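Here the structure is a predicted model, which is why all the values come from computation and not from measurement. Below, chain A is the first sequence line, B the second, and so on; all start at residue 1. When reading the values below, keep in mind they use all heavy atoms of this one structure, side chains included, and skip hydrogens, waters and symmetry mates.
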Amino acid sequence: MPASPWPTPRSVRQASQLHAVLTTSGKIVHPPSTGHLLNSLTNCLSAPRHLGYALSLFDRLPLHSTFIFDTALRACLRASGGADHPVLLFRRMRRGGVRADAFTFHFLFRCCARARPRLCRMLHAACLRTMLPSAGTLVANPLIHMYAALGFTDDARRAFDEIPVKDAVAWTTMIGGLAKMGLLDEARWLLVQAPERNVVSWTSLIAGYSRAGRAAEAVDCFNSMLSDGVAPDEVAVVGVLSACSRLKDLDLGRSLHFLIGEKRINMSDNLVVALIDMYAKCGDIACAQGIFDAVGRGQKPQPWNAIIDGYCKLGLVDVARSLFDQMDTPDVITFNSMITGYIHSGRLRDALLLFMQMRRHNLRADNFTVVSLLTACASLGALPQGRALLASIEQRLVEEDVYLVTALVDMYMKCGRVDEATIVFQRMGERDVHTWSAMIAGLAFNGMGKVALEYFCQMKRDGFQPNSVTYIAVLTACSHSCLLNEGRLHFNEMRSLHRIHPQIEHYGCMVDLLARSGLLDEAMDLVQTMPMQPNAVIWGSILSACRVHKKIDLARHAAELLLKLEPDEDAVYVQLYNIYIDSRKWVDASRIRMLMEERGVKKTAGYSSITVARQVHKFVVNDQSHPWTFEIIAMMEEIAHRLKSVGYAPITSKITVDVDEEEKEQALLAHSEKMTIAFGLISLPPNLPIHIMKNLRVCEDCHSAIKLISKLWKREIIVRDRSRFHHFRDGTCSCNDFW
DNA sequence: CTAGGGTTAG
C-alpha cells in the first residue's frame with residue numbers, strides 16, 4: 001500500500017474530521033484514502049459505540065482485499081463488539097472468494113472467545129480446511145485462548161501440543177487458561193516445564209489461587225516468583241494484594257506496600273484500588289484513608305468505591321455515605337456498595353432511596369443491585385417486592401446468572417414459597433455449591449428435612465463438593481426435623497469424607513439435635529469435647545431442651561453460663577423462670593425475678609409485624625393503637641368463636657400469673673401474633689399468604705391456634721420468629737416444635 | 001501483533 005498523503009488520525013473525532021475533508025474534496029471514492037481512514041480509525045476504537053461507523057467505511061470500499069477484511073475484523077476486536085459482525089464478515093469473505101489468511105483466523109478466534117461453542121468449532125474447522133499452517137503461533141495462540149475461555153481445556157491443550165515451535169505467549173496463554181478454569185495444579189506443572197517463567201504466567205497462577213480461596217498458596221507463588229528472579233510488575237502486585245486482603249494479613253500487606261516503593265512500581269489506579277482495599281480489609285482503615293486522601297481523590301470513581309466499600313464492611317455506613325456525597329460521578333459500583341452497606345446494617349429504607357436515586361444519575365441497576373435487593377426482600381419476607389425484581393429479569397434488564405438465581409431461590413425460600421423456589425432451581429442452567437446450599441437450607445428451615453437430605457444426595461451425585469456452609473444447611477435439616485441418625489451420619493461424613501473441620505455452627509446443630517432428641521448427656525459430652533468455647537446458641541439449645549425434658553440441674557448450669565455470655569438477655573431469665581415454675585420451685589423462681597430487678601433487666605415486649613401495601617404494621621399484646629382496632633377486635637372475636645366451635649381449648653397451662661382461667665384465655669387471645677393475623681385476614685386479598693414476623697418465640701398456644709386458623713380460613717400463614725420459621729398450611733405446620 | 005490483574009452480589 002502506498003504511503004498515504006493524509007495525516008494519521010489519533011482519535012475517532014480526528015478520524016471523522018479527515019472523513020469530512022475526504023468527502024468535500026471528492027477523495028472519499030479513492031480506495032487507498034478510505035482504507036487509510038478505516039485502518040487508523042480501527043486503532044482508535046475502544047468501545048462498541050463506534051464500530052458501526054468503522055463498518056460503514058468498510059462497506060463503502062469497492063474492492064475488498066484480505067487485508068481490508070482483516071482490518072474490519074481487527075476493528076470488531078478492538079471495539080469488543082461481540083461475535084456477530086465478525087462471523088458475517090467471514091461469510092462475506094468466503095462468498096466473495098476472498099482468501100483468508102492467518103490474520104483472519106487470528107482475529108476471528110479472538111473475537112469469538114465468548115461465542116457459542118458450536119460456532120467456535122465451525123470456525124476452527126474452517127481454519128483447518130484452508131490448508132494454512134494453522135499451528136503457527138499467530139493462529140494457534142488465539143485458538144488456545146478461545147477454547148480455554150469456553151472451558152474446553154482438552155481442546156486448548158491439543159492446540160497447544162500441536163504447535164511445533166511454541167513461543168512464550170503460547171505457554172503463557174495455556175497456563176493462564178488452565179489457571180482461569182481453576183486447574184491450578186496443572187497450570188503450576190506447566191509453568192515448571194516452560195522454558196521461561198515470566199511475570200504474566202506467574203500472575204495468572206497467583207490470581208487463580210487467590211480466586212480459588214487458596215490465598216496462602218497465591219502468596220507462596222509470589223515469593224517463588226521473586227526467588228526465581230522475575231521482577232514483579234504492577235499487575236502481579238495487584239494480584240498478590242487481593243490474596244493478601246483475603247488473608248487479612250496486615251504485615252504482608254505493609255511489606256507489599258513497601259515493595260512497591262522499593263521497586264518503583266508504577267502507581268496505577270488499579271494499584272491504588274488494590275492498596276485501599278487491602279488496608280481496609282486487613283483492618284487498617286486509617287491507612288486506607290491515608291492512601292485515598294493522598295492519591296485517590298481524582299476524577300475516577302474506583303478509589304472512592306474501594307474506600308466506601310471499606311467503611312461499609314466495617315459497618316460505618318454513615319462515614320461511607322459522607323464520602324459518597326462528596327463524589328462528582330458515582331458509578332454503578334458506588335451505588336451497589338452503598339446499597340449493600342445499608343442492607344447489611346438493616347437500613348432498608350436508605351437502601352431503597354439510593355436505589356431510586358440511581359435513575360437520576362442515568363445509571364441502570366445491574367445484577368449486583370438486583371441480588372442485593374433480593375437479599376433485602378428475603379430478610380424482610382417481602383414477597384411482592386421480590387417478585388417485582390423478578391420482572392426486571394424477565395424484561396431482560398439484567399442477565400440471569402448463578403448469583404441472581406441463587407438469590408431468587410433464597411428469597412422464595414425465606415418467604416415460605418418452597419414450590420416456587422423449587423421451580424426456579426429446577427429450571428436454572430448453571431448451579432454451583434452455593435445454589436445447592438441455598439436450596440438445602442431453604443428446605444431445612446421450611447421443615448422439609450427429609451427432602452433437604454434427598455437434595456443433598458443428588459448434589460453429591462451430580463459431582464458437587466459440599467462445603468462447610470452446605471453442612472450447616474444439612475445439619476440444620478436434621479435438627480429441625482429431628483433426624484437423629486441422619487444427623488450423626490452426616491456429622492461424621494463431613495469430617496471423614498470431606499475433611500471439613502466442624503465450626504461452632506456445626507456443633508450448634510448437633511447439640512441442638514441431640515438435646516431435642518432427649519439425649520442431653522450425649523449433647524453435654526459433645527459440648528465438652530468440642531475444640532472451641534461453647535457460645536450462647538449452644539447453651540440456648542441445651543436450656544430449651546431442659547425445659548421440655550425436665551432437667552432442672554442442667555438447666556441451672558446452662559442458664560448460669562448463658563447469663564455470663566449474655567447478662568442482658570431477658571429471654572434467658574424468663575426461660576429459667578419458667579423451668580422453675582414448671583417444676584414448682586417457687587422459691588427459685590422468685591429468686592430469678594429478684595435477680596432481674598437487681599440487674600435492671602426488663603422483659604422486652606413481644607411484638608409482631610406484617611407488611612400490607614408496602615407499609616409495616618406492628619402490634620404488641622392487647623394493642624389498641626392501630627386505626628383499625630375496631631375491625632381487628634371484631635375479627636379476633638370471630639376467630640375465638642370459630643376456634644371454640646371446633647372444640648379448641650386454649651393452652652393455659654404455661655401461664656404462671658395467678659389469674660382465673662377466663663382471664664388466661666383472654667390474655668392468650670390478645671397475643672400479638674393473633675392480632676397481627678387478624679389484621680392480615682381483613683386487609684390482605686384472600687389469595688395471598690399471611691406473612692408475619694415476631695421478635696420473640698411463638699408460644700405453644702399461638703402455634704396450635706394458628707394451625708387451626710390456617711385450616712378454618714384456608715390460608716397459608718408464615719410466621720418467622722427469632723429462631724424458627726413456621727409455615728402453616730391446612731392445619732399443619734412445617735415446624736412441629738415451638739420451643 | 002499476541003499473554004496476566006482489579007472495587008460491588010448469592
Side-chain angles (χ1 to χ4, degrees), chain A residues 70 74 77 102-103 106-107 109-110 136-145 148 167-177 179-180 187 198-208 210-211 218 225 232-243 245 268-278 280-281 288 296 300-310 312-313 331-341 343-344 365-376 378 398 401-411 413 431-439 441 469:
Chain A
D70 288 351
R74 192 161 66 88
L77 177 68
F103 282 103
H106 172 98
F107 294 124
F109 291 154
R110 289 184 67 198
T137 51
L138 183 66
V139 177
N141 290 351
L143 185 64
I144 297 168
H145 183 85
D167 60 4
V169 177
W171 285 93
T172 308
T173 312
M174 193 64 227
I175 293 167
K180 207 154 222 163
N198 57 22
V199 222
V200 182
S201 310
W202 279 113
T203 306
S204 55
L205 207 57
I206 291 166
S210 176
R211 274 194 302 265
M225 181 181 90
D233 66 0
E234 173 224 327
V235 182
V237 175
V238 169
V240 72
L241 273 173
S242 101
S245 63
S268 65
D269 284 334
N270 291 332
L271 197 47
V272 172
V273 169
L275 273 172
I276 292 173
D277 179 64
M278 181 278 295
K281 297 233 167 84
K300 297 232 163 83
Q302 287 90 335
W304 292 87
N305 295 347
I307 191 79
I308 285 174
D309 179 59
C312 284
K313 291 273 153 68
D331 66 0
V332 201
I333 296 179
T334 326
F335 273 94
N336 288 345
S337 304
M338 216 43 244
I339 288 172
T340 314
I343 289 173
H344 284 143
D366 66 0
N367 289 31
F368 285 83
T369 330
V370 176
V371 168
S372 293
L373 293 170
L374 275 174
T375 313
V398 290
D401 71 5
V402 210
Y403 280 88
L404 200 74
V405 184
T406 305
L408 207 53
V409 167
D410 187 52
M411 189 273 292
M413 282 296 193
R431 293 173 189 156
D432 66 11
V433 60
H434 298 278
T435 324
W436 282 100
S437 302
M439 191 66 195
V469 177

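Side-chain proximity of Glu234(A) to the nucleotides dG5(B), dG10(B), dC1(B) is greatest for dG5(B). Listed nucleotides dG10(B), dT8(B), dA3(B) differ in distance to Val200(A); the shortest reach to its side chain belongs to dA3(B). Among the nucleotides dT7(B), dG10(B), dC1(B), the one closest to the side chain of Asn305(A) is dT7(B). Taking the side chain of Ile333(A) as heavy atoms from C-beta on, and the options dT2(B), dG4(B), dT8(B), the nearest nucleotide is dT8(B). Distances were taken from every side-chain heavy atom of Ser337(A) (C-beta onward) to each of dT8(B), dG10(B), dG5(B); the shortest belongs to dT8(B). Nearest nucleotide to the Thr375(A) side chain, out of dG5(B), dT2(B), dG10(B): dG10(B). When distances are taken from the side chain of Ser372(A) to each of dT8(B), dG10(B), dA9(B), the shortest belongs to dA9(B). Side chain of Val238(A), nearest nucleotide from dT2(B), dG5(B), dA9(B): dG5(B). When distances are taken from the side chain of Ala207(A) to each of dG5(B), dA9(B), dT7(B), the shortest belongs to dG5(B). With dT8(B), dT2(B), dG10(B) as the candidates, the nucleotide lying closest to the side chain of Val402(A) is dG10(B).
Asp366(A) comes within 4.0 angstrom of nothing in the nucleic acid, heavy atoms only. Heavy atoms of Lys281(A) sit under 4.0 angstrom from primed sugar atoms or phosphate atoms, though from no base atom. Within 4.0 Å (heavy atoms only), Val199(A) reaches at least one base atom of the nucleic acid. Counting non-hydrogen atoms under 4.0 angstrom, Phe103(A) reaches a base of the nucleic acid. Within the 4.0 angstrom heavy-atom criterion, no nucleotide atom of any strand lies near Ala438(A). When heavy atoms are screened at a 4.0 angstrom cut-off, Ser437(A) is found touching no nucleic acid atom at all. Note on Leu374(A): nothing from the nucleic acid sits closer than 4.0 angstrom, heavy atoms only.
Taking only distance into account, the side chain of Asn198(A) never meets the base of dG4(B) through a donor-acceptor pair shorter than 3.5 Å. Between the base of dG4(B) and the side chain of Ser204(A) there is no donor-acceptor pair shorter than 3.5 Å.
When all heavy atoms of Ser372(A) and Ile343(A) are compared, the pair lying nearest together is O-CD1, 3.3 Å. Taking all atoms of both residues into account, the shortest heavy-atom contact from Gly239(A) to Ile206(A) is C-CG2, 4.0 Å. Closest approach of Ala179(A) to Ala187(A), counting heavy atoms only: N-CB, 3.9 Å.
For Arg211(A) and dG5(B), the shortest distance from a side-chain N or O to OP1 or OP2 is below 4.0 Å. Regarding contacts with the backbone of dG5(B), a side-chain N or O of Lys180(A) is found under 4.0 angstrom from either OP1 or OP2. OP1 or OP2 of dT8(B) has not a single side-chain nitrogen or oxygen of His344(A) nearer than 4.0 Å.
Remark: Leu404(A) CG to Asn367(A) CG distance equals 5.5 Å, nearest 0.5 Å.
Rounded to whole angstrom, the span from the CG atom of Asp167(A) across to the C1' atom of dA3(B) amounts to 9 Å. In this structure, Tyr403(A) places its OH atom 9 Å from P of dA9(B), rounding to the nearest Å. We find that CD1 of Ile144(A) is positioned 12 Å from P of dG4(B), with the value rounded to whole Å. At whole-Å resolution of the value, CG in Asp269(A) and P in dG5(B) are 18 Å apart. Between Leu143(A) atom CG and dC1(B) atom P there is a gap of 19 Å when expressed in whole angstrom units. One atom, CG of Asn141(A), and another, P of dG4(B), lie 11 Å apart when rounded to the nearest Å. Distance Ile175(A) CD1 to dG5(B) C1': 16 Å, rounded to the nearest Å. The nearest whole Å value for the distance from the CD1 atom in Ile339(A) to the P atom in dG10(B) is 13 Å.
Between Arg74(A) and Asp70(A) there is no salt bridge, since no side-chain N of the basic residue sits under 4.0 Å from a carboxylate O of the acidic one.
Listed by chain and residue number, Met267(A), Ile276(A), Ile291(A), Val295(A), Pro303(A) satisfy the side-chain contact (heavy atoms from CB on, under 4.5 Å) test with Val272(A) (two or more places apart in sequence, or in another chain). Take Thr406(A) and apply the side chain to side chain donor-acceptor pair (under 3.5 Å) test, not counting sequence neighbours, and it matches Thr435(A).
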